[in-house]
Trainee: 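The structure follows.
Protein chains get the first letters and strands the later ones, always in sequence-line order, with residue 1 at the start of each.
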Number of protein chains: 2
Amino acid sequence: MSYVNEMDAPPDNARPDQTIFVVDDDPAVRKSLTRLLRSAGYHTSSFDSAETFLRCWAEHAMPGCVLLDLSMPGLDGLELQQRLNASGLAIPLIFITGHGDIPSTVSAMKAGAVDFLSKPIREEALLGAVNEALERDRRRRRTRAEHKAVDRSYQTLTPREREVLALVVGGLLNKQIAAALGASEKTVKIHRGRVMEKMKARSVPDLVRAAQKLGIGPDTSSEGPAGPSR
Amino acid sequence: MSYVNEMDAPPDNARPDQTIFVVDDDPAVRKSLTRLLRSAGYHTSSFDSAETFLRCWAEHAMPGCVLLDLSMPGLDGLELQQRLNASGLAIPLIFITGHGDIPSTVSAMKAGAVDFLSKPIREEALLGAVNEALERDRRRRRTRAEHKAVDRSYQTLTPREREVLALVVGGLLNKQIAAALGASEKTVKIHRGRVMEKMKARSVPDLVRAAQKLGIGPDTSSEGPAGPSR
DNA sequence: CCGTGCATAAGACCAAGGTCCTATTTCCCA
DNA sequence: TGGGAAATAGGACCTTGGTCTTATGCACGG
C-alpha cells in the first residue's frame, strides 16, 4: 500500500512475447520513444515508414501493438489503419502526432485506435495507452484462437452433420430433426453422435456455445410468436 | 434505380418514435440545427443546457440521440457524457464544437460518442451521424429489452433453482448435479423442470442462451485440462 | 474395378430426461 | 398459530438420448 515502484518496474506489463512497433519517419522520435519504452521494460522494434512495417509485420502478425505517426511521407497512419482493417489482420494502434486535426482523430478512433496522443507526449499517458493496447491484443488473440479451434472442428463436419448441428442447437428433438430432414430418427442419432465427437462437445450446452462462436443460433425461421406446442 | 429523392425524403430514417435532442447554449445554433433536422423529417427537442436536458430526459429515457455542444456554461458535454455513462442510462451522443481540441475528441470517442463534428458542419456529415446514432439506439434498446426479460424471469427463481440452472448450463447430468448439491436426482428433476418453466425455455439450448445473457457460463472451476471421464 | 467416405437405417438395450401424485420438513410472515 | 413458499424425496411410468452391431446404396478417385 505504501510502497511505490518509482521507475524500472519490470514485471506485470511487458510480457516477454509482445513487441511495441514504433513507426515514425523521424529518427529522433523513434529513438526517444524506443528508449522510453525499453526503460519501461518493453521489447521494441522500429520502422521508418508504414510500408516497411506492413511488409515486415504482415508475414508473422506478431503480438504487440503499434505506435504510429499520423502523418508520414508515403502511406500515412490513417491509410495504414484502413489497410490493416480491410485485410483482416489486426493489431492495436496508438496514434502519435505533432499537429493533428479533429477529423483525423475522429477517423482514427472510429476505426478502432486505442488512443491518439499529441506531442509533447506525457510519459504516463503513453505507457497507459501501451498497456491497454497490449491487453487488447492479448484478448483479441485469445478469442480468435478459440474461434479458430471451433471452426477447424466445424470444417470436418459433413453437410448433413452441419444440418443436424443447426437443428440440435435450435432445440429440436431428434424426431423433429428427422422429420425436418426427411430421415429416420436412427440416422439423426448417428449424425448427432458424430457431431458431438467432432466438435469435441461433451454436452449439449457445450455444443450450443461452440455453435454460437460460429454464428449458428436458433433457427430464425422457426421463431413464431405462438410457441410451437410445448 | 434512376429515381432519386432530392430532399424532403421522409421515410426510412426518421422513425416516428425517436427524437433528436439538441443541447446547446446558443439559441441560434439550436434553431439552425432544429430547422435542418426537421426538414429532414426528424422529430426534435432542444435544451439550453446539459442540466436541463438531463433532468427532462432522465425521467423517461426516451429513444433517440443527442446533438451536444462540447463546451457550455455549467455542465459541459464531456461531463454530461460521464454522468450518463456512470448512471447506466444511455443514449448515443454526437458532439458538436466550434473550437475543440484533440484530447477532448479522444475522450469523447473513447467514452462511446458516435461522432465529433467541428463547425462549420457539413449537412451530410450531420445526417449521417444522426442516422448511425439512431440505429445504435434501436439496437441497444432491443438487446437491453431482451436482457431485461430474461432477468425478470431469473429473479423469480429460488436460490436452489439458480444453482441447478448454473449446473445444467454447465452441461452436468442430473445425477452429477444431485451429487454436487447433495440432493437426490428426483429433487434435481423437479427444480430443473421449474427452471425451464420459469425461464420460459422450451429446450436446453434455449436455456443456455438465456443464461448467457445473464453472464452464466460453464462452471469455470470444472474446466480442468484433462477431460473429466467421458 | 475396388476402396473409401457419406448417408441411410433396423434391432437391441440401457441411461437419462421429464411428469404425475403424494408426502414431509423447515422457516417465515401475517 | 395457522398458512404458504421452498426444499426434500419416493414410486410409477413414459419419452428421449445414446451406443453398438450390422447392412445397404451411392459417388468419387485411384
Side-chain angles (χ1 to χ4, degrees), chain A residues 151-211 214 216 218-219 222 227-230, chain B residues 151-211 214 216 218-219 222 227-230:
Chain A
D151 195 59
R152 261 198 304 277
S153 300
Y154 185 71
Q155 292 307 324
T156 70
L157 297 187
T158 68
R160 203 55 157 175
E161 285 162 359
R162 292 179 193 187
E163 294 182 286
V164 171
L165 166 59
L167 296 173
V168 169
V169 304
L172 300 200
L173 301 179
N174 283 346
K175 67 162 61 169
Q176 297 174 311
I177 297 173
L181 297 182
S184 88
E185 199 181 331
K186 305 283 179 183
T187 309
V188 171
K189 285 186 179 183
I190 292 173
H191 287 315
R192 183 174 181 152
R194 276 204 267 270
V195 167
M196 295 296 286
E197 186 188 353
K198 289 185 179 177
M199 296 298 291
K200 300 178 186 59
R202 293 197 302 265
S203 64
V204 172
D206 267 11
L207 190 68
V208 172
R209 281 183 286 265
L214 299 167
I216 299 173
D219 189 348
S222 70
S229 69
R230 66 155 39 204
Chain B
D151 194 61
R152 261 198 304 278
S153 300
Y154 185 71
Q155 292 308 322
T156 70
L157 297 187
T158 67
R160 203 55 158 172
E161 285 162 359
R162 291 179 193 187
E163 293 182 287
V164 171
L165 166 59
L167 296 173
V168 168
V169 305
L172 299 200
L173 301 179
N174 283 346
K175 67 164 60 171
Q176 297 174 311
I177 297 173
L181 297 182
S184 89
E185 199 180 330
K186 306 282 179 183
T187 309
V188 171
K189 285 185 180 184
I190 291 172
H191 287 315
R192 182 172 180 153
R194 275 205 265 271
V195 167
M196 295 296 284
E197 187 187 355
K198 288 185 179 178
M199 297 298 291
K200 300 178 186 61
R202 293 197 303 267
S203 64
V204 172
D206 267 10
L207 190 68
V208 172
R209 281 182 287 265
L214 299 166
I216 300 173
D219 189 347
S222 70
S229 71
R230 68 149 48 195

Trainee: B/Lys198: what forms a salt bridge (Lys or Arg N to Asp or Glu O under 4.0 Å) with it, not counting sequence neighbours?
Mentor: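 For B/Lys198 the salt bridge (Lys or Arg N to Asp or Glu O under 4.0 Å) partners, ignoring immediate neighbours, are B/Glu161.
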Trainee: Rounded to the nearest Å, what distance is computed from the NZ atom of residue A/Lys175 to the C1' atom of nucleotide C/dG18?
Mentor: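 Going from A/Lys175 (NZ) to C/dG18 (C1'), I get 14 Å.
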Trainee: Quick one: B/Glu163 CD to D/dA6 P, roughly how many Å, whole number?
Mentor: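 These atoms are roughly 15 Å apart.
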Trainee: Using whole Å, report how far NZ of B/Lys189 lies from P of C/dC20.
Mentor: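 It is 13 Å, rounded to the nearest whole Å.
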Trainee: Taking only residues two or more places apart in sequence or in another chain, which ones pass side chain to side chain contact (heavy atoms under 4.5 Å, CB included) with B/Lys175?
Mentor: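 Only B/Leu173, B/Glu185 meet the side chain to side chain contact (heavy atoms under 4.5 Å, CB included) criterion with B/Lys175.
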Trainee: Tell me the salt bridge (charged side-chain N to carboxylate O under 4.0 Å, His left out) pairs involving residues 162-172 of chain B, sequence neighbours left out?
Mentor: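 Checked against salt bridge (charged side-chain N to carboxylate O under 4.0 Å, His left out) - neighbours excluded - the pairs reaching residues 162-172 of chain B are B/Arg160-B/Glu163.
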Trainee: If the helix axis at each end comes from five base pairs, how far does the helix from C/dC1-D/dG30 to C/dA30-D/dT1 deviate from straight, to 10°?
Mentor: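 Overall, the helix from C/dC1-D/dG30 to C/dA30-D/dT1 bends by 40° from one end axis to the other.
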Trainee: Residues in side chain to side chain donor-acceptor pair (under 3.5 Å) with A/Thr156, at least two apart?
Mentor: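 Result, side chain to side chain donor-acceptor pair (under 3.5 Å) vs A/Thr156: none returned.
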Trainee: Could you state the CD1-P distance from A/Ile177 to D/dT16, rounded to the nearest angstrom?
Mentor: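 Taking atom P of D/dT16 as the reference, CD1 of A/Ile177 is at 12 Å.
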Trainee: N/O contacts under 3.5 Å, protein versus nucleotides 5-9 of chain C?
Mentor:
{"unit_1": "C/dA7", "atom_1": "OP1", "unit_2": "A/Thr158", "atom_2": "OG1", "d": "3.2"}
{"unit_1": "C/dA7", "atom_1": "OP1", "unit_2": "A/Arg160", "atom_2": "N", "d": "3.1"}
{"unit_1": "C/dA7", "atom_1": "OP2", "unit_2": "A/Thr158", "atom_2": "OG1", "d": "2.2"}
{"unit_1": "C/dT8", "atom_1": "OP1", "unit_2": "A/Arg160", "atom_2": "NE", "d": "3.0"}
{"unit_1": "C/dT8", "atom_1": "OP1", "unit_2": "A/Arg160", "atom_2": "NH2", "d": "2.6"}
{"unit_1": "C/dT8", "atom_1": "OP2", "unit_2": "A/Arg160", "atom_2": "NE", "d": "3.1"}
{"unit_1": "C/dT8", "atom_1": "OP2", "unit_2": "A/His191", "atom_2": "NE2", "d": "2.8"}
{"unit_1": "C/dA9", "atom_1": "OP2", "unit_2": "A/Ser184", "atom_2": "N", "d": "2.7"}
{"unit_1": "C/dA9", "atom_1": "OP2", "unit_2": "A/Thr187", "atom_2": "OG1", "d": "3.0"}

Trainee: Report yes if the side chains of B/Leu157 and B/Met199 come closer than 4.5 Å at any heavy-atom pair, otherwise no.
Mentor: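 Yes - at least one pair of side-chain heavy atoms lies under 4.5 Å apart.
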Trainee: Who are the side chain to side chain contact (heavy atoms under 4.5 Å, CB included) partners of B/Met196, not counting sequence neighbours?
Mentor: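 Checked B/Met196 against side chain to side chain contact (heavy atoms under 4.5 Å, CB included); matches are B/Ala201, B/Leu207.
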Trainee: For A/Arg192, give me all partners under salt bridge (Lys or Arg N to Asp or Glu O under 4.0 Å), at least two apart in sequence or on another chain.
Mentor: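 With sequence neighbours excluded, A/Arg192 shows a salt bridge (Lys or Arg N to Asp or Glu O under 4.0 Å) to no residue whatsoever.
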Trainee: Does A/Ser203 have any side chain to side chain donor-acceptor pair (under 3.5 Å) partners at least two apart in sequence or in another chain, and if so, which?
Mentor: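 For A/Ser203, no residue satisfies side chain to side chain donor-acceptor pair (under 3.5 Å) once neighbours in sequence are set aside.
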Trainee: Given D/dG17, is OP1 or OP2 found less than 4.0 Å from the side-chain N or O atoms of A/Asn174?
Mentor: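 True: A/Asn174 side-chain N/O within range (under 4.0 Å) of D/dG17 OP1/OP2.
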Trainee: May I have the distance from B/Leu172 (atom CG) to C/dA16 (atom P), rounded to whole angstrom?
Mentor: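 In whole Å, C/dA16 P lies 13 Å from B/Leu172 CG.
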